[in-house]
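Worksheet for the structure shown next.
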Amino acid sequence: MFGIINFEVFLFAAILLNLTPGTDTMYIVSRSISQGRTAGIFSALGITAGVVVHTLLAAFGLSIILTQSVFLFTLIKIVGAIYLAYLGLKMIITRNTTNEQQTLPTQSNKKIFLQGMITNVTNPKVALFFLAFLPQFIHTDSGIATPIPFIVLGLTFTLTGGIWCLIMAYFSSMATTKLRGNTKVSTVLNKLTGVVFIAMGIKLLQTKPTA
């Protein structure tokens, strides 16, 4: 259907890949631990939105430009690393109070969502993954040039990944609910999260422009 082959195998592989810890996992868990379940959920939704963007880019061939242009690949990689470092430094420098941790304004949740999406979109490794993984389950000899197979497979991967991300956000926040009530502990958690973000930026810089 839609030129897709071995969909069952794809679904199983997608679930296994979603369960494998990576940059997105670090981001969601860090947000959940430092700011609570709501922040974790918005982080998960932001990451999921980023995957949707990558799905559309892969479906309409725009990701091919990224993989064929070393300059563009490097540019996106640097932008993503700088953004992660900025988030990390901001969390390390900013002081938090107990009240601030307990009441997160709507704008903060919106920012967390956008940060998660931007973090995912500016990771060229995700684009490389989509172009290397999805074509294995698309029947290229059918002679049908359509983005539908990419969209169907990409959204399937997004759905399974989104569910897993929400589960991570929910349970990772439970372990530190009481700890965040302590201002000092909360500040330490935020600073540790900032260090994780900076480490993520450094890791992103090590990504090579080849699949």
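We count residues from 1, following the sequence as given. The shown structure was predicted, so the numbers you read here are calculated from the model rather than taken from an experiment. Computation of the quantities below employed the complete heavy-atom set of this structure, encompassing side-chain atoms and omitting hydrogens, waters and symmetry-equivalent molecules.
Atom OG1 in Thr48 sits 8.5 Å away from atom CG in Asn120 (nearest 0.5 Å). Taken from CD1 in Ile47 to CD1 in Ile118, the straight-line distance is 11.0 Å, to the nearest 0.5 Å. Interatomic distance, Trp164 CH2 to Ile28 CD1, rounded to the nearest 0.5 Å: 10.5 Å. With rounding to the nearest 0.5 Å, the separation of CD1 in Ile112 from CD1 in Ile41 is 11.0 Å. Here the straight-line distance linking atom OG1 of Thr158 with atom CG of Asn18 works out to 9.0 Å at 0.5 Å rounding. Expressed to the nearest 0.5 Å, how far OG1 of Thr55 lies from CG of Leu155 amounts to 5.5 Å.
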Quiz: residues 7-15 side-chain donor-acceptor pairs under 3.5 angstrom, not counting sequence neighbours:
none

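In this structure Leu89 satisfies the side chain to side chain contact (heavy atoms under 4.5 Å, CB included) test together with Ile198, sequence neighbours excluded.
The only member of Val29, Ile167, Thr25 that meets side-chain contact (heavy atoms from CB on, under 4.5 Å) when paired with Ser172 is Val29.
Listed here is the closest heavy atom pair of Ile151 and Ala59: CG1-CB, 3.6 Å. A pairwise comparison of heavy atoms in Phe137 and Asn6 identifies CD2-O, 3.6 Å as the closest pair. Minimum interatomic distance between Ser32 and Ala169 (heavy atoms only, all atoms of both residues): OG-CA, 3.4 Å. Considering all non-hydrogen atoms of both residues, Ala49 and Phe113 come closest at CB-CZ, 3.8 Å.
Between the side chain of Tyr27 and the backbone N or O of Gly116 there is at least one donor-acceptor pair closer than 3.5 Å.
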